[in-house]
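Have a look at the structure below, then the notes.
By convention here, the first residue in the shown sequence is residue 1.
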Amino acid sequence: MSRKWLITIASACIVGLLVVGGAGYWLMQQLSAVSQTTAAKQRFVIAKGQSVIATAQKLKEAGLIQNAQVFRFYAQYKKLDMQMQAGSYELSPNMTTAEIAQKLTQGSEDIWVTLLEGWRVEEVAEYLDAQDLPEFDAPAFTELASDSEGMIYPDTYLVPRESTTQQLYTLFTTTFEKKVEKELSQEISASQLQLRQIIILASVVEREGRGFTDMRHVAGILQNRLDLGMPLQADATLQYISGKNKQTGKWWEQPNIAVKESTSPYNTYKYPGLPAGPICNPSLNAIKAVLDPIASDDLFYIHAPSGESYYSKTLQEHNANIEKYLR
């Protein structure tokens, strides 16, 4: 082999080493901490179902990593991408990409709690008591929220594990104030009902309706009954009176027929008008249904086991629907 070829090969090797070395140096730079001196922590949230691509981009935007693509490739290479958990984390710019990626697999500093539409206060308390919330006290919450039935806003919340009973109650009720009282203020002002009446009726609609369109129709029917001075005759109010079934341990089960004779102010079979208060914490859709009901002459409704809803104007038509779809 000639001296010229040896020089060419040697030069190519040197260039190759420089390229590899340069790439390695660049990669090490991209994996390093954004700042060696800034230790201040910031709250970083991974939403439920959020992809590693979106997580990497948000980390970059927050100034916590050097390069979003490098973070994603590193997480995938180390098989950490499928281990990352939704939640809240305390991160700082002086953490390396490796440290941050590993941190996001170790569990959230906070926890997610989901309050379902149509739960009553006691159900909310039972649910929260079963979560990893060491400072939460179910009886205290039930007492605290006893006058706030209907205003414990159903939603998914990310809360610190150390949240107290008072803090959680305040979070749920202030969310109600924001989502309902403020954001629907114009609709509420235009309604013929006061806010408390709206929430009471919405709580009944929540338990009686099946989807937003049906909720609007049911809301219109119940409003027709109120206007005519007819009893609402809503089974959900009897379920509220009955409370938890002691045999099954469940709420909202079919009430005993004898409950129709109850003197409870929540008995809408015995007394016309709205029940004494909300029977559950309604969804935003139920509240919107009351604010914008479907206008009709209907006075009755049933929901068949198939899921279909049937409406009628007269008792005769209503009884015919019962025979046809419920017998």
**Prompt:** So do Tyr240 and Pro255 actually touch side chain to side chain, heavy atoms under 4.5 Å?
**Reply:** no
**Request:** Determine yes or no for a side-chain-to-main-chain donor-acceptor pair under 3.5 angstrom, with Asp132 supplying the side chain and Arg161 the backbone.
**Result:** no
**Message:** Working note: Glu253 + Thr248, criterion side-chain hydrogen bond (donor to acceptor under 3.5 Å, both in side chains); need CA distance, chi angles, decisive distance, verdict.
**Reply:** CA-CA 9 Å; Glu253 294 203 341; Thr248 64; 3.0 Å; yes
**Request:** Report yes or no: do Ile302 and Val204 belong to one cluster of Ile/Leu/Val/Met/Phe/Trp/Tyr joined by side chain heavy-atom distances under 4.5 Å?
**Result:** no
**Asked** Is there a side-chain contact between Thr55 and Phe44, using heavy atoms and a 4.5 Å cut-off?
**Response** yes
**Asked** If only atom types and distance count, is the side chain of Asn245 paired as donor or acceptor with the main-chain N or O of Gln247 below 3.5 Å?
**Response** yes
**Item:** Spacing of Thr96 atom OG1 and Tyr74 atom OH [to the nearest 0.5 Å]
**Value:** 7.0 Å
**Request:** Taking atom types as modelled, find out whether Tyr157 and Thr114 have a side-chain donor-acceptor pair closer than 3.5 angstrom.
**Result:** no
**Message:** Please find the pair of heavy atoms, one from Ala33 and one from Gln36, that lie closest to each other, and give the distance.
**Reply:** CB-NE2, 4.0 Å
**Request:** Find the distance between OG1 (Thr268) and CE (Met230) and round it off to the nearest 0.5 Å.
**Result:** 11.5 Å
**Prompt:** Is a side-chain donor or acceptor of Glu149 paired with a backbone partner of Pro278 at a separation under 3.5 angstrom?
**Reply:** no
**Request:** Show the numbers, then the answer: is there a side-chain contact (heavy atoms from CB on, under 4.5 Å) between Thr156 and Leu115?
**Result:** CA-CA 6 Å; Thr156 295; Leu115 310 188; over 6 Å; no
**Prompt:** For Glu122 and Trp251, what are the C-alpha separation, side-chain angles and deciding distance, and is it a side-chain hydrogen bond (donor to acceptor under 3.5 Å, both in side chains)?
**Reply:** CA-CA 10 Å; Glu122 295 93 335; Trp251 302 87; over 6 Å; no
**Message:** Determine whether a donor-acceptor pair (N or O, by modelled atom type, separation under 3.5 Å) exists between the side chain of Glu317 and the backbone of Lys313.
**Reply:** yes
**Message:** Tell me if a side-chain donor or acceptor on Ser148 pairs with a main-chain N or O of Met151 at a distance below 3.5 Å.
**Reply:** no
**Asked** In terms of heavy-atom contacts, does CD of Glu61 have more than 12 from other residues, nucleotides or ligands at under 6.0 Å?
**Response** yes
**Request:** Using distance alone, with no hydrogens and no angle criterion, decide if Asp235 and Tyr269 have a side-chain donor and acceptor under 3.5 Å apart.
**Result:** yes
**Asked** Are Val45 and Arg43 side-chain neighbours, meaning at least one heavy-atom pair lies under 4.5 Å?
**Response** yes
**Asked** Got a sec: does the CD of Glu143 have more than 12 other heavy atoms crowding it under 6.0 Å?
**Response** no
**Message:** Within the supplied structure, the quantity of interest is the number of heavy atoms (other residues, nucleotides, ligands) at a distance under 6.0 Å from Ile257 CD1; does it exceed 12?
**Reply:** no
**Request:** Answer yes if the side chains of Asn94 and Ser92 hold a donor-acceptor pair under 3.5 Å, and no otherwise.
**Result:** yes
**Item:** Asp155 and Leu284, any side-chain heavy atoms less than 4.5 Å apart
**Value:** no
**Prompt:** Can you check whether Leu299's main-chain N or O pairs, donor with acceptor, with Arg225's side chain at less than 3.5 Å?
**Reply:** yes
**Prompt:** Are Tyr271 and Leu222 linked, directly or through other ILVMFWY residues, by side chains that come within less than 4.5 angstrom of each other?
**Reply:** no
**Request:** Could you check Val159 against Asp110 for side-chain contact (heavy atoms from CB on, under 4.5 Å), going step by step and ending with a plain yes or no?
**Result:** CA-CA 5 Å; Val159 301; Asp110 298 344; 5.9 Å; no
**Request:** Side-chain contact test, heavy atoms from C-beta onward, threshold under 4.5 Å: evaluate it for Phe141 versus Asp129 and give yes or no.
**Result:** no
**Gap between atom OG1 of Thr237 and atom CG of Asn267 - 0.5 Å precision** = 6.0 Å
**Prompt:** Between the side chains of Glu206 and Ser283, does any donor sit under 3.5 Å from an acceptor?
**Reply:** yes
**Residue pair Gln66 / Thr97, side-chain donor-acceptor N/O under 3.5 Å** = no
**Request:** Say whether Thr170 and Gln166, considering side chains only, have a donor N or O and an acceptor N or O under 3.5 Å apart.
**Result:** yes
**Prompt:** So, for Val52 and Ala75, which heavy atoms are closest and what is the spacing to 0.1 Å?
**Reply:** CG2-CB, 4.3 Å
**Request:** Might you point out which heavy atoms bring Lys179 and Leu184 nearest each other, and give the distance in Å?
**Result:** O-CG, 4.0 Å
**Between Trp119 and Glu126, a side-chain donor and acceptor under 3.5 Å** = no
**Prompt:** Is there a donor in the side chain of Glu323 and an acceptor in the side chain of Asn319, or the other way round, less than 3.5 Å apart?
**Reply:** no
**Request:** Kindly say whether Asp292 contributes a backbone atom to a donor-acceptor pair with the side chain of Arg216 at under 3.5 angstrom?
**Result:** yes
**Asked** Do the side chains of Ile111 and Gln131 get nearer than 4.5 Å, heavy atoms only?
**Response** yes
**Asked** Under the side-chain contact (heavy atoms from CB on, under 4.5 Å) criterion, do Thr173 and Tyr153 qualify, and how do the steps go?
**Response** CA-CA 6 Å; Thr173 52; Tyr153 191 78; over 6 Å; no
**Distance, nearest 0.5 Å, that separates CG of Asn256 from OG of Ser262** = 11.5 Å
**Prompt:** Which heavy atom of Ala289 sits nearest a heavy atom of Ala219, and at what distance?
**Reply:** O-CB, 3.6 Å
**Message:** Test your reading of the model: is there a side-chain donor-acceptor pair from Arg210 to the backbone of Glu208, 3.5 Å cut-off?
**Reply:** yes
**Request:** Run the numbers on Phe136 and Thr164 for side-chain contact (heavy atoms from CB on, under 4.5 Å), then give the verdict.
**Result:** CA-CA 5 Å; Phe136 178 76; Thr164 65; over 6 Å; no
**Asked** Are any of the side-chain heavy atoms of Pro154 and Val124 separated by less than 4.5 Å?
**Response** no
**Asked** Atom CD1 of Ile287 and atom OG of Ser191: how far apart are they, to the nearest 0.5 Å?
**Response** 12.0 Å
**Prompt:** Should we say atom CG of Asp227 is surrounded by more than 12 heavy atoms from elsewhere, each under 6.0 Å from it?
**Reply:** yes
**Request:** State which residue, out of Ile53, Ile65, Asp81, Leu64, fulfils the side chain to side chain contact (heavy atoms under 4.5 Å, CB included) condition with Phe71.
**Result:** Ile65
**Asked** Do Val121 and Tyr169 have side chains that get closer than 4.5 Å, going by heavy atoms?
**Response** no
**Request:** Flag yes if Phe212 and Tyr301 sit in one hydrophobic cluster, no otherwise; membership is Ile, Leu, Val, Met, Phe, Trp, Tyr, and two members link when side-chain heavy atoms are under 4.5 Å apart.
**Result:** no
**Over all atoms of both residues, closest heavy-atom pair of Ile200 and Ala276** = CD1-O, 4.2 Å
**Message:** For Gln50 and Lys58, which I'm curious about, is there any donor-acceptor pair between the side chains at under 3.5 Å?
**Reply:** yes
**Item:** Any donor-acceptor N/O pair, Thr165 side chain to Asp137 backbone, under 3.5 Å
**Value:** yes
**Item:** Heavy-atom closest contact (Trp252 atom, Ile279 atom, distance)
**Value:** CH2-O, 3.2 Å
**Message:** Between Glu183 and Val180 (side chain of the first, backbone of the second, donor and acceptor by atom type, cut-off under 3.5 Å), is there such a pair?
**Reply:** no
**Prompt:** Do Leu80 and Phe73 belong to the same hydrophobic cluster, where Ile, Leu, Val, Met, Phe, Trp and Tyr are linked whenever their side-chain heavy atoms lie under 4.5 Å apart, directly or via other members?
**Reply:** no
**Asked** With a 3.5 Å cut-off and no angle check, do the side chains of Asp214 and Tyr311 form a donor-acceptor pair?
**Response** yes
**Asked** In Å, rounded to the nearest 0.5 Å, how long is the span from CD1 of Ile152 to CZ of Arg120?
**Response** 13.5 Å
**Asked** When clusters are formed by joining ILVMFWY residues with side-chain heavy atoms under 4.5 Å apart, either directly or through shared neighbours, do Tyr310 and Ile221 land in the same one?
**Response** no
